[in-house]
2 protein chains.
Amino acid sequence: MDIELQQQAADDQRRIAIFKALAEENRLRIIRVLYQAQREMTCSEVGAQLNISKSTVSYHFKALRLVGLTNTRQVAQTKYLSLRSATFEQYLPGFLATL
Amino acid sequence: MDIELQQQAADDQRRIAIFKALAEENRLRIIRVLYQAQREMTCSEVGAQLNISKSTVSYHFKALRLVGLTNTRQVAQTKYLSLRSATFEQYLPGFLATL
DNA sequence: AACTTAGTTCGATAATCATCAAACTAAAAA
DNA sequence: TTTTTAGTTTGATGATTATCGAACTAAGTT
């Protein structure tokens, strides 16, 4: 098989994972909140602001981190999330500005 | 402000529908094929090129059309699909060029 | 040590979705 | 009229996923 086609298939899997992550209401709201806040936020802060149970927020935080849409900085048991601009620029340039 | 929030929620539903449509391997391949071909294509043509059964191609064509990612031009029983640039520009500016 | 805080994992449930063959519709061709 | 062509719909199946409470871990606090 062609190496370029293999690379394209791998890129597509990455794209699909990213689209799946964004194709959900609460995750999209989390992305917007992080984008508009322009700073790091914790699980509990986001959960309180969007009124989502903490287990669900944790679940979505993990999903966003796994596909590389967010950065996580951990201090003790607290995790601070922020957007990973590089991923948005590579796969969805211009998207954040449409929010 | 209430009205703005309602509008934002409606926009989000549109975004989610679009992301869902793109978060699937065969639909993403169809989008790429249409983008690179720079012309209209039929169900059977896409099915042959991507090796997908005709009922599945029909299913995906409908999904893409319903969320407004494609235009359909019908001539007798043949439907010609092409990308709807306006939707990409509004919700995913710069995305197609990353393919 | 006991308590609080922050977040994760588990179990169960409900919902959505991708796939294909088969049956179907509608139009063009023979 | 009969046949072919293009695409849709249906039904069944298997797979993934979003949600919550409850139980859990780990770190800080009193």
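Keep in mind the model is a prediction, meaning the values are calculated, not measured. Each chain gets a letter, A, B and so on, in the order the sequences are listed, and its residues count up from 1.
Comparing the helix axis at one end of the helix from C:dA1-D:dT30 to C:dA30-D:dT1 with that at the other, each defined from 5 consecutive pairs, gives an inter-axis angle of 10° (nearest 10°).
Under the 4.5 Å side-chain heavy-atom criterion for ILVMFWY residues, a single connected hydrophobic cluster contains both B:Leu96 and B:Met41.
For D:dT19, the OP1/OP2 oxygens have no side-chain nitrogen or oxygen of A:Ser53 closer than 4.0 Å. Applying the 4.0 Å criterion to OP1 and OP2 of D:dG7, one finds that B:Ser44 has a side-chain N or O inside that range. Side-chain N/O atoms of B:Lys20 include one lying less than 4.0 angstrom from OP1 or OP2 on C:dC17. One finds a side-chain N or O of B:Lys62 lying less than 4.0 angstrom from the OP1 or OP2 phosphate oxygen of D:dT9. Taking only side-chain nitrogens and oxygens, A:His60 never comes nearer than 4.0 Å to OP1 or OP2 of D:dT17. When the side-chain nitrogen and oxygen atoms of A:Ser58 are compared with OP1 and OP2 of C:dG7, none of them lie within a distance under 4.0 Å.
Rounded to a whole Å, the OH atom of B:Tyr59 is 14 Å from the C1' atom of D:dA12. Rounded to an integer number of Å, the gap from A:Met41 CE to C:dG7 P is 11 Å.
Listed by chain and number, the residues in a ring pair (Phe, Tyr, Trp, His ring centres under 6.0 Å) with B:Phe61 amount to none (sequence neighbours excluded).
Set against C:dA6, D:dG7, D:dT19, the side chain of A:Thr78 has C:dA6 as its closest nucleotide.
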Please write out each protein N/O paired with an N/O of nucleotides 22-30 of chain D under 3.5 Å, distance rounded to 0.1 Å.
unit_1	atom_1	unit_2	atom_2	d
D:dA27	N3	A:Gln77	NE2	3.3

